[in-house]
Structures are given as structure tokens and as C-alpha cells.
Engineer: 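Please see the structure below; I have some questions.
When a ligand or atom number is given, it counts from 1 through the structure's own listing order. The chain is numbered in sequence order, starting from 1. Only heavy atoms go into these numbers, but all of them, side chains included; no hydrogens, no water, no symmetry mates. From a predicted model like this one, the values you see are computed outputs, not experimental measurements.
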Amino acid sequence: MKFFIDTANLDQIREANELGILDGVTTNPSLMAKEGIKGKEAVMQHYKTICEMVDGPVSAEVLGTTYDEIIAEGKELVKIHKNIVVKVPMIKDGIKAIKWFTDNDIQTNCTLVFSAGQALLAAKAGATYVSPFIGRIDDSSWDGVQLIEQIVGLYNAQGFMTEVLAASIRNPLHIVRCAEAGADVCTCPLPSIMGLLKHPLTDIGLAQFLNDAKSMQ
Ligand code: G3P
């Protein structure tokens with residue numbers, strides 16, 4: 001399973017990248033706004049900076065919702081860097097646009113996916129990635145990981161090449177369960193990635209080893 005970081009914060013991207021386990025980055029308009037980025041030029045420059053930091057796919061989301069707007073924005077975004085993936089919402093015009101991008105060798109990430117039916121349509125249109133939002137599904141008292149399992153099963157049964165990118169990750173257990181479910185990619189906030197490191201017995205064991213090592217000096 002590939003690890004992407006789900007943020008537009010450059011310090012967090014740098015920290016995850018320095019671990020050596022980062023395969024890519026996803027952003028969305030909320031994450032960009034959180035960093036205080038304003039205006040088209042600043043947005044484009046921010047994507048460029050991220051692409052220069054991480055050697056892997058960087059999802060940049062379109063803001064338009066009509067076919068023409070999505071195509072025009074996608075064309076602009078892919079000019080920024082070869083690693084840009086155009087992130088397109090799961091709407092009717094979004095699916096039409098994903099098909100156009102597929103036919104023109106432009107990578108896409110179909111976002112805001114909450115059902116297997118939506119994932120099926122994204123794959124039919126040739127999306128490179130499909131992003132089910134598992135945390136938001138959990139928030140509505142369904143099991144988001146079950147949706148990952150369903151989509152992985154569906155894609156395997158039908159031989160679709162679209163990669164299942166588990167998004168809206170809220171904790172380290174989500175990451176482990178998505179790996180078990182066969183997700184191709186998990187895009188995670190930094191604290192969830194760092195949470196994978198933690199176990200109190202590791203800390204206790206290390207403290208004991210270091211203490212005992214003193215007697216060897
Ligand atoms: O990037 C999309 C997704 O990961 C958003 O997560 O926490 O806002 O549901 P969240």
C-alpha cells in the first residue's frame with residue numbers, strides 16, 4: 001500500500017517525506033484554504049512547491065463543476081508539473097471530464113466517493129484513483145473500511161486498473177484496516193502516520209535496553 005499525506009502544509013509534507021516512506025500528496029480546497037493560500041497564482045505556486053518536495057503524484061483539485069470548467073482547470077493544473085493528478089468531484093460533469101482526461105493521458109483522482117456505485121462509474125471513466133472518504137462514512141455511523149473492501153472486491157472481479165485511495169483517514173487504526181482491506185493507497189494526516197510508530201512497550205523496552213547498556217561501558 002502506498003502512503004500519501006493528506007495536507008497542503010509544507011512543514012508536515014517535509015516531515016513525512018523525511019521519514020522516507022512517502023509516495024505522494026493529496027490536497028483539497030479546504031486544506032489549501034487552511035494554509036491561507038489566496039489567489040490563482042499563489043495556488044499554482046503552492047502546488048509547484050509541493051511537486052518539487054515530493055517525488056510522487058500530487059492531487060490538485062478543480063474548483064469548477066461544469067464539464068468545460070473542469071477540463072479548462074485540469075489543463076492548467078497539469079502544466080504545473082508532470083506529477084500533478086487532477087482531482088475531480090464525483091458529479092455527472094466530473095465523470096464526463098474524467099473520461100476526457102483519460103482519453104488524453106491525464107491522471108485523475110475522483111473525489112467525494114461514498115458508495116460502490118460511484119466507484120464503479122469512476123473506474124468506467126478510467127480514473128487513475130478513486131477516493132472513498134472513510135472517516136466521513138464512519139461519522140454517519142457506517143463502517144468506512146467496509147466500503148474499501150467492497151470497492152477492492154468489485155475492481156478485482158472486473159479487472160479495473162483504477163487504484164483505491166482511502167481518504168478521510170482519522171487515526172492509525174484506519175491505516176492498518178485499509179491495508180488489510182487491500183487499499184492501493186492510503187492518504188493520511190501526519191498525526192495518523194506518526195501514530196503508527198507508537199507503542200508504550202517499545203518506549204519501556206528501549207529505556208531498559210539503554211539503561212542496561214550503561215553497565216557495558
Ligand atoms: O482529501 C480528502 C479527505 O481526506 C478529507 O478528509 O478529514 O476532511 O474528512 P476529512
Engineer: Judged by non-hydrogen atoms, does N28 sit under 4.0 Å from ligand 1?
Structural biologist: yes
Engineer: Evaluate R136 for polar contact with ligand 1, using N/O atom pairs at a separation under 3.5 Å.
Structural biologist: yes
Engineer: One thing to verify: whether D139 and R136 come together as a salt bridge, which I'm taking to mean a side-chain N less than 4.0 angstrom from a carboxylate O.
Structural biologist: no
Engineer: Can you confirm whether D143 is buried at CG, in the sense that more than 12 heavy atoms of other residues, nucleotides or ligands lie under 6.0 Å from that atom?
Structural biologist: yes
Engineer: Does E61 approach ligand 1 within less than 4.0 angstrom via side chain, backbone, both or neither, non-hydrogen atoms only?
Structural biologist: neither
Engineer: Can you name the one residue among N109, N28, T111 that meets side-chain hydrogen bond (donor to acceptor under 3.5 Å, both in side chains) with S131?
Structural biologist: N109
Engineer: Identify which of S30, S192, G135, S168 has a heavy atom lying nearest to atom 6 (O) of ligand 1.
Structural biologist: S168
Engineer: Pull out every atom of ligand 1 sitting under 4.0 Å from any heavy atom of A167, numbered as shown with elements.
Structural biologist: 4 (O)
Engineer: Just one of I193, D23, V25 clears the side chain to side chain contact (heavy atoms under 4.5 Å, CB included) bar with F4, so which one?
Structural biologist: D23
Engineer: May I ask you to decide whether E18 forms a salt bridge with R14, counting only side-chain N to carboxylate O separations under 4.0 Å?
Structural biologist: no
Engineer: Would you mind listing which atoms of ligand 1 come within a distance below 4.0 Å of any non-hydrogen atom of R170?
Structural biologist: 7 (O), 9 (O), 10 (P)
Engineer: For K96, is there an ion pair with D68 - N to carboxylate O distance below 4.0 angstrom?
Structural biologist: no
Engineer: Please report which non-hydrogen protein atom sits nearest to atom 4 (O) of ligand 1, along with the residue it belongs to and the distance in Å to one decimal place.
Structural biologist: D6 OD2, 2.4 Å
